[in-house]
Amino acid sequence: MAPSAIIAPSILSADFATLGQACSRTIEQGADWLHVDIMDGHFVPNLTFGPPVVAKIRSHVDKPTQSYGRGTFDCHMMIAEPKKWVKEFKKAGCDLYCFHYEAASSTAAESPEGKSDEKTSPRELIRYIHDQGMLAGIAIKPATKVDVLWDVLDAKDAKERPDVSAKNGSHDQQMTRVAQLT
């Protein structure tokens with residue numbers, strides 16, 4: 001049996017002049033989540049939204065009342081230093097913080113102005129995101145082999161694994177799908 005679908009349109013296709021209303025209308029018209037592509041101009045060449053824009057659109061879309069609920073902001077962080085921005089995006093209204101594996105071993109600093117010679121790891125970053133009260137996701141660039149995710153997906157401690165929606169299958173079912181990709 002196929003898992004139920006979650007409809008999460010990207011807000012990059014919205015009218016930026018009326019972004020808040022466009023996001024609200026998208027949820028009213030049946031979308032489950034909003035996919036918010038965050039690009040910093042470093043990890044990827046494009047530049048999109050920061051925490052202030054996410055906070056403004058959050059004021060137009062109700063926070064979900066449960067994990068994976070309607071109104072979830074799925075923030076896809078295409079940024080060079082993902083740990084630095086976790087708390088800022090939490091405050092802005094992010095519900096699911098999905099970072100790129102390729103950027104996860106960057107600075108362990110915990111704020112945009114923070115400095116640290118220490119590095120974080122994908123597992124440490126997932127734990128940190130969970131500790132902030134958000135769902136965690138991990139993405140890879142098209143050229144990255146999916147095999148790099150095994151260490152993260154096989155973590156014994158659930159706080160060090162990306163989240164899996166119960167309505168979209170168990171961790172074991174998700175692992176079977178990943179195995180099929182390799």
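Residue pairs that meet the side-chain hydrogen bond (donor to acceptor under 3.5 Å, both in side chains) test with at least one member in residues 19-30, sequence neighbours left out, are Ser24-Glu28. Sequence neighbours left out, the pairs with a member in residues 93-103 that pass side-chain hydrogen bond (donor to acceptor under 3.5 Å, both in side chains) are Arg58-Asp95, Lys63-Asp95, His76-His100, His100-Glu102, Glu102-Thr144. Here salt bridge (charged side-chain N to carboxylate O under 4.0 Å, His left out) pairs that include residues 134-143, with residues two or more places apart or in two chains, number zero.
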Could you check Ile38 against Val54 for side chain to side chain contact (heavy atoms under 4.5 Å, CB included), going step by step and ending with a plain yes or no?
-> CA-CA 10 Å; Ile38 309 297; Val54 173; 4.1 Å; yes
Apply side chain to side chain contact (heavy atoms under 4.5 Å, CB included) to Trp33 and Leu96, showing your working.
-> CA-CA 10 Å; Trp33 299 2; Leu96 190 157; 3.9 Å; yes
Report the C-alpha distance between Thr48 and Val36 in whole Å, list the side-chain angles of each, state the deciding distance to 0.1 Å, and finish with yes or no for side chain to side chain contact (heavy atoms under 4.5 Å, CB included).
-> CA-CA 9 Å; Thr48 59; Val36 185; over 6 Å; no
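In terms of the side-chain contact (heavy atoms from CB on, under 4.5 Å) criterion, residue partners of Thr107 (sequence neighbours excluded) are, by chain and number, Glu81, Lys84, Ala109, Ser116. For the side-chain contact (heavy atoms from CB on, under 4.5 Å) test, residues two or more places apart in sequence or in another chain that qualify with Lys159 are Arg127, His130, Asp131, Asp157. Taking the salt bridge (charged side-chain N to carboxylate O under 4.0 Å, His left out) definition, one finds that Lys90 meets it with nothing, sequence neighbours left out. For Ala55, the side-chain contact (heavy atoms from CB on, under 4.5 Å) partners are Ala92, not counting sequence neighbours. Residues passing the salt bridge (charged side-chain N to carboxylate O under 4.0 Å, His left out) test with Lys87 are Glu110, sequence neighbours excluded. Scanning for side-chain contact (heavy atoms from CB on, under 4.5 Å) contacts around Asp15 gives Ala17, Thr18, with sequence neighbours left out. For Tyr128, there are no ring-ring contact (aromatic ring centres under 6.0 Å, His included) partners two or more places apart in sequence or in a different chain. Residues satisfying the salt bridge (charged side-chain N to carboxylate O under 4.0 Å, His left out) criterion with Asp151, sequence neighbours excluded, are Arg123. For Lys119, the salt bridge (charged side-chain N to carboxylate O under 4.0 Å, His left out) test picks out no residue, with sequence neighbours left out.
Linking ILVMFWY side-chain heavy atoms closer than 4.5 Å, directly or via other members, places Leu47 and Met78 in two distinct hydrophobic clusters. In terms of hydrophobic clustering, with Ile, Leu, Val, Met, Phe, Trp and Tyr side chains grouped at heavy-atom distances under 4.5 Å, Ile7 and Tyr68 are assigned to different clusters.
Smallest separation of non-hydrogen atoms from Ala103 and Ser106: O-OG, 3.0 Å. Minimum heavy-atom separation, Ser67 to Leu135: OG-CD2, 4.2 Å. Nearest heavy atoms, Asp163 versus Ala136: OD2-N, 2.5 Å. The nearest pair of heavy atoms linking Leu19 to Ile11 is CD1-O, 4.3 Å. Residues Phe43 and Ala80 share a closest heavy-atom pair of CB-N, 3.5 Å. Contact detail for His60 and Lys56: the closest heavy-atom pair is CD2-O, 3.2 Å.
Put simply, CG on Asp74 and SG on Cys94 are 8.0 Å apart, with the number rounded to the nearest 0.5 Å. Here the NZ-CD distance, from Lys83 to Gln132, works out to 9.0 Å after rounding to the nearest 0.5 Å. Atom-to-atom distance recorded for Ile57:CD1 and Cys23:SG is 4.0 Å, nearest 0.5 angstrom. Here the OG1-CD1 distance, from Thr72 to Ile6, works out to 7.5 Å after rounding to the nearest 0.5 Å.
Glu124 contributes a side-chain N or O that, together with a main-chain N or O of Ser121, makes up a donor-acceptor pair within less than 3.5 Å. With hydrogens and angles ignored, the 3.5 Å screen pairs a side-chain donor or acceptor of Arg70 with a backbone N or O of Ala31. Using a distance-only test at 3.5 Å, with no hydrogens or angles considered, no donor-acceptor pair links the side chain of Asp32 to the main chain of Ala8. Judged by distance alone, the side chain of Asp62 and the main-chain N or O of Gly71 form no donor-acceptor pair under 3.5 Å.
Less than 6.0 angstrom separates the ring centroid of Phe49 from the ring centroid of Phe16.
Side-chain contact check for Ile129 versus Phe99: some heavy-atom pair is nearer than 4.5 Å.
Checking Cys98, Pro9, Ser10 one by one against His35, the side-chain contact (heavy atoms from CB on, under 4.5 Å) holds for a single residue, Ser10.
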